[in-house]
Amino acid sequence: MDYYVIKGGKKLKGEVEISGAKNAALPIIVASLLADGETVLKNVPDLMDIRTMIRVIEYLGAETEFDIEKNTLRIRVNSIKNSEMPYELVKTMRASYYVMGPLLARLGEADVSLPGGCAIGERPVDIHLAGFEAMGAEIRLEHGYIKARAKDGLKPATFVMRQVSVGATANLMMGAVFSKGKTILENCAMEPDVVDLGNFLNKMGAKITGLGTERIVIEGVKKLKAITYSVIPDRIETGTYLLAGAITRGDVTVKNCIPEHVGALIDTLKYAGFNLDVKKDSIRVSNGKNLRGFMIKTLPYPGFPTDLQAPLMSLATTIPGISVIIETIFENRYTHVGELRRMGADITLEGNIAIVKGVKDLMSAPVMMSDLRAGAALVLAALAAQGKTEIRRIYHSDRGYEKLSEKLLSLGADIKREKGGTF
Ligand code: EPZ
C-alpha cells in the first residue's frame, strides 16, 4: 500500500485552491435519485468516498459519467431499479446510508444494511430511524438490514431530533420532499453541507425553508426535476490548509473558499497569535509574534468543527504553553494522539479533554493513519517535524483530500507518495 515520506521543517508558502465539499457532494449525489433525467454536478471532488457513492447510486440503477479533469459528474436516472443497499457498500462508506430518504420518498421501501461503527465511534443511526418512523415508516431489523416500509409514502410530521445530527437532518429532509403536506424537523444541523443539499433540492423544485437554522420545514411537492448544480467549497479542506500554513510558520493563502464556513478556526488562529487576512473568497495565514495556547470545544456548526479537531491538535503540539481541546461530538476521536506522542508531542487525555503542552520541536517517526482527519493531523505534524516521517495507510486521507500531495508540493512541502510498503 502507498505511503507518504515527508521531510519536515519547510515553511509552506503560496496559494492553494480548495476543491468541492465532500460532505455536501455525498448527499447531493444521492439526492439526484429523486428526479428522472440528467443531473449535472460541478465542483465534485475526485475522492475515494465520491467514487464509492457513485457505485452506490449505480447499484440503484443510475448511469453516471465522472469527468475528473473538469470535476463534473453527470447522473442519469430513469426510475430506481432496486431498494436494497448491501452490507459491502454501507461498510465501505457509512454515508451510503443517505439512500434511505430517497428510497422511501420514491419507492416507499428501503432495505439498507445497518452501518457498523468506525474508528471514531459507534455512530448509530437511531435518529434517522426514529425520524422515518415519525413520518409513518415501519422499521424492522432483519439479519443486519434495516427494512423500512412506507407503502403510501412518508407522511408529513413534526420530529424533534434528540441531538443535532448532520446525517439525520440530510436523510429526513430528502425523505420528506414528496410527503403530502408540511414536515417540520426541529433541532436540525446547520452545517453548510446540509444547507447546500437543501439549496440543491429547492433548485430541483422542492419547497424547503429554514435551511441553516434549527427548524427546517419541508412542504411536499409532486415531482422534482433534474438540474445542473455546483457544490460549495470544502470548509474542512480549507481549515486543513490554513493549519498547514500555521504549523510550518509559513505564509499560505487558501483560495476559492467561503471564510464564514471556517469562522471558528479563524478566531482560534487569531487568538493563538497568527496573522489572518480574510477576503471574500480567500484567507491568508502567516506567522505571528508571541504565539500562545488556546482552548476549543468541538460543537455543531457554527461551533468549532469536530473534523478539524485532530489537525488543530497537531498545531497545538507546537504552540508554546498549554492548549485545551474538548471533543464533544464523537466518543473516540483521539486516535491520532498516540501517533502524535510518538513524534514527541506532550498530550494528556482526561476523558474527552486533551491537554496539550507545546514542545519546541516534533520529531520524525514512522506513524500510521487510523481515519481521514487523524491522517490529516499526522501529515501536518510531519510537515513541522525535524527529519523524515513515513506515514502509512494513507488510503484514509485519499477518502477526503483531493490531490493532497500535489497541493502540498505546490506550497513547497517536501512530500513524496511512495508505492508498495508492507502494511
Ligand atoms: C457527518 O457525519 C460527517 N460525515 C462527519 O464527517 C462529521 O464529523 C459529522 O457529520 C459531524 O459534523 C458526512 O457528512 C459524510 P452526525 P454524521 O450524525 O452525519 C451521533 C469526515 O471526516 N448520532 O452529525 O455521521 C453520532 O454518533 C466525517 O468527513 C446518533 O447518536 O454525523 C455522533 O456522536 C467524519 N444517532 C453525533 O450524533 C444518529 O442517528 C453527530 O453525528 C446519528 C448521529
Side-chain angles (χ1 to χ4, degrees), residues 23-42 44 50 53-65 73-85 89 95-112 128 131-132 135-137 148-157 159 166-183 185 188 193-211 216-232:
N23 292 347
L26 290 172
I28 286 171
I29 288 169
V30 177
S32 67
L33 294 170
L34 289 163
D36 288 346
E38 181 174 81
T39 295
V40 179
L41 300 179
K42 297 180 183 305
V44 176
I50 296 294
M53 194 60 98
I54 289 170
R55 280 171 41 215
V56 163
I57 62 168
E58 287 177 340
Y59 185 86
L60 297 176
E63 285 170 21
T64 70
E65 203 181 303
L73 174 62
R74 292 175 183 281
I75 302 167
R76 280 180 291 281
V77 176
N78 59 345
S79 80
I80 297 179
K81 298 282 181 288
N82 85 63
S83 61
E84 196 214 313
M85 191 41 54
L89 277 173
S96 324
Y97 214 73
Y98 280 140
V99 301
M100 187 159 259
L103 287 174
L104 285 173
R106 277 203 77 167
L107 305 180
E109 62 176 55
D111 291 354
V112 183
H128 301 237
F132 287 126
M135 293 153 80
R149 296 290 179 271
K151 55 187 181 318
D152 306 324
L154 292 172
K155 308 259 179 309
F159 178 67
V166 169
T169 305
N171 222 341
L172 297 172
M173 190 160 67
M174 290 189 278
V177 288
F178 298 136
S179 303
K180 295 178 185 58
K182 207 176 262 191
T183 297
L185 302 177
C188 293
D193 311 308
V194 174
V195 174
D196 207 28
L197 169 64
N199 290 337
F200 173 69
L201 290 167
N202 279 339
K203 191 175 174 189
M204 292 172 82
K207 287 201 181 106
I208 302 170
T209 52
L211 292 168
I216 293 178
V217 180
I218 304 106
E219 179 82 46
V221 294
K222 283 205 174 24
K223 241 167 104 70
L224 295 180
K225 63 183 186 323
I227 58 166
T228 294
Y229 190 80
S230 187
V231 174
I232 55 169

Note to self: Let me confirm one number: the CD1-CG distance from Ile28 to Leu41, rounded to the nearest 0.5 Å.
What the structure shows: 7.0 Å

Note to self: Take a 6.0 Å sphere around NZ of Lys207 and say whether it holds more than 12 heavy atoms from other residues, nucleotides or ligands.
What the structure shows: no

Item checked: Closest heavy-atom pair and its distance - Thr169, Leu185 -> O-CD1, 4.2 Å

Margin query: Would you say Tyr229 and Asp196 are linked by a side-chain donor-acceptor pair, where the criterion is simply a distance under 3.5 Å?
Written below: yes

Note to self: Between Asp152 and Lys180, is the salt bridge (charged side-chain N to carboxylate O under 4.0 Å, His left out) condition met? List the steps.
What the structure shows: CA-CA 10 Å; Asp152 306 324; Lys180 295 178 185 58; over 6 Å; no

Check: Is Lys81 atom NZ crowded by more than 12 heavy atoms from other residues, nucleotides or ligands, each under 6.0 Å away?
Finding: yes

Notebook entry, point to check: Can you check side chain to side chain contact (heavy atoms under 4.5 Å, CB included) on Tyr98 and Val56, steps first, answer last?
Noted result: CA-CA 10 Å; Tyr98 280 140; Val56 163; over 6 Å; no

Note to self: Closer than 3.5 angstrom, by distance alone: can the side chain of Lys203 be matched with the main-chain N or O of Gly198 as a donor-acceptor pair?
What the structure shows: no

Margin query: With rounding to the nearest 0.5 angstrom, report the CE to OG1 distance, Met173 to Thr183.
Written below: 12.0 Å

Next item on the list: Answer yes or no: is there a donor N or O on one side and an acceptor on the other, between the side chain of Asn171 and the main chain of Tyr97, under 3.5 Å?
Entry: yes

Check: To the nearest 0.5 Å, how far apart are CG in Leu172 and CZ in Phe132?
Finding: 5.0 Å

Next item on the list: Could you grab the distance from atom CZ of Arg106 to atom CG of Leu154, nearest 0.5 Å is fine?
Entry: 14.0 Å

Check: More than 12 non-hydrogen atoms from neighbouring residues, nucleotides or ligands closer than 6.0 Å to NZ on Lys182, yes or no?
Finding: no

Notebook entry, point to check: Taking Asn199 as the fixed residue, which of Ile232, Val194, Leu211, Ile208 is the one that meets the side chain to side chain contact (heavy atoms under 4.5 Å, CB included) rule?
Noted result: Leu211

Check: How close do Met135 and Gly175 get, heavy atom to heavy atom, and via which atoms?
Finding: CE-C, 4.0 Å

Item checked: Inter-residue atom distance Met174.CE - Met100.CE, 0.5 Å rounding -> 11.5 Å

Notebook entry, point to check: Do you know which two heavy atoms are closest between Ala62 and Leu33, and how far apart they sit?
Noted result: CB-CD2, 4.2 Å

Check: In a check of side chain to side chain contact (heavy atoms under 4.5 Å, CB included) between Leu224 and each of Leu34, Asp36, Asn202, which one passes?
Finding: Leu34

Notebook entry, point to check: When rounded to the nearest 0.5 angstrom, what distance separates CD in Glu58 from OG1 in Thr64?
Noted result: 3.5 Å

Next item on the list: Kindly give the heavy-atom pair with the smallest separation between Ala31 and Leu197, and that separation in Å.
Entry: CB-CD1, 3.8 Å

Next item on the list: Please say which of Val231, Ile29, Thr39 ends up in a side chain to side chain contact (heavy atoms under 4.5 Å, CB included) with Phe200.
Entry: Thr39

Margin query: side chain to side chain contact (heavy atoms under 4.5 Å, CB included), that's the test. Do Ile227 and Lys225 meet it? Break it down for me.
Written below: CA-CA 6 Å; Ile227 58 166; Lys225 63 183 186 323; 4.2 Å; yes

Check: What pair of heavy atoms forms the shortest contact from Leu103 to Ser83, and how long is it?
Finding: CD1-O, 3.8 Å

Next item on the list: State plainly whether the residues Lys151 and Glu109 are in salt-bridge range, i.e. N to O under 4.0 Å.
Entry: no

Check: Is a side-chain donor or acceptor of Ser32 paired with a backbone partner of Ile75 at a separation under 3.5 angstrom?
Finding: no

Item checked: Heavy-atom pair of closest approach, residues Leu104 and Ala110 -> CD2-N, 4.1 Å

Checklist line | Pair Asp111-Met85, side chain to side chain contact (heavy atoms under 4.5 Å, CB included): steps then yes or no | finding: CA-CA 6 Å; Asp111 291 354; Met85 191 41 54; over 6 Å; no

